[in-house]
Amino acid sequence: MTTRREQTSHESSELILRAAAELFAAKGYRQTTFADVAERSGISRGSIPWHFGSKEGLLLAVLERSVDLIRAGLVEEPGERTEPGERTEPEEVAAGFDRLLGGADALFAQPTTKLFVTLLVEALEPGSPIHGRYVEIHNTLRDHCRRWLERLPLPPGLSAETLSVTLIGAGIGIHQQWLLAPERVDPQQSLAALRTLVAGAVLSAGGEPPAGG
């Protein structure tokens, strides 16, 4: 049974993580201090290293939590992989892409998604402690996308793995452009255009067997 002290500790950790994620996204990792996190979370500054050890430990915990949130949002739906010679109906293709890109739209709306853009340069630095977390995030997104694509008949020579890299790259690019120029970029319309292009390519494949990922 969880004790009151353990429950309080967990609640404090959650407040700190939420505040740190918001601040890292808004100000960047280097510009955020423990004092900033303490003020935003309402938890004393001295409690932060007690929970997370260091600022780097706090950053890793924030990213770990964000990865968990992304995984929780990528709910798999039932579906069978298309067998060679079996035709996928256009309605099924369209519905599949609607769900896939609807999930991307939902990810855009999460505050933690901006965090990944803010910390990208940090992740690319040699020896970065968060490089592995970024690799994990991208692998999670590509694997989810690939599993969807493997259910569809793809054009000859185009693998589900390659197309998943392209789609995730396009989605991330749309999101970054929207963050930089929200008055010019409509992410929903851009995702709809991406859906039209890719769904058209899949439908043009007709009943061709899917290329393996």
For residues Leu59 and Leu15: do they belong to one hydrophobic cluster (side chain heavy atoms under 4.5 Å, members Ile, Leu, Val, Met, Phe, Trp, Tyr)? yes
Counting N and O atoms only, with roles assigned by atom type, does the side chain of Ser128 sit under 3.5 Å from a partner on the main chain of Leu124, one being a donor and the other an acceptor? no
Which heavy-atom pair separates His131 from Ala123 by the least distance, and what is that distance? ND1-O, 3.4 Å
Closest heavy-atom contact between Ile172 and His138? CD1-CE1, 3.4 Å
Correct closest heavy-atom pair for Phe34 and Ser54 would be CZ-C, 3.7 Å
Atom CG in Leu163, atom CZ in Arg142: separation rounded to 0.5 Å? 13.0 Å
In Å and rounded to the nearest 0.5 Å, what is the CG to CD distance from Leu63 to Glu136? 10.0 Å
Those residues at least two apart in sequence (or on a different chain) that pass side-chain hydrogen bond (donor to acceptor under 3.5 Å, both in side chains) with Ser44 are Ser47
Distance in Å, Leu119 CG paired with Ile130 CD1, rounded so as to fall on 0.5 Å steps: 5.0 Å
So, taking the atom named CD in Glu150 and the one named SG in Cys145, what distance separates them when rounded to the nearest 0.5 Å? 10.0 Å
Which one of Arg65, His51, Arg18 satisfies the side-chain contact (heavy atoms from CB on, under 4.5 Å) criterion with Ser13? His51
Taking every heavy atom of Leu120 against every heavy atom of Tyr134, the minimum-distance pair comes out as N-OH, 3.4 Å
Counting C-beta onward and ignoring hydrogens, is there a side-chain heavy-atom pair between Pro187 and His175 closer than 4.5 Å? no
Co-membership, hydrophobic cluster, residues Leu60 and Leu58, 4.5 Å side-chain: yes
Rounded to the nearest 0.5 Å, what separates atom CG in Leu17 from atom CD1 in Ile48? 10.5 Å
Pairs involving residues 26-41, ordered by first then second residue, that meet salt bridge (Lys or Arg N to Asp or Glu O under 4.0 Å) (sequence neighbours left out): Glu22-Arg40, Lys27-Asp36, Arg30-Glu122, Arg30-Glu125
To the nearest 0.5 Å, what is the distance between CD1 on Ile16 and CH2 on Trp50? 9.5 Å
Taking the side chain as every heavy atom from C-beta outward, state whether Gln188 and Trp178 have any pair of such atoms under 4.5 Å apart. no
Provide the closest heavy-atom pair for Ala20 versus Val62 in the form atom of the first, atom of the second, distance. CB-CG2, 3.8 Å
What residue pairs, at least two apart or across chains, pass salt bridge (Lys or Arg N to Asp or Glu O under 4.0 Å) with a residue in residues 171-188? none
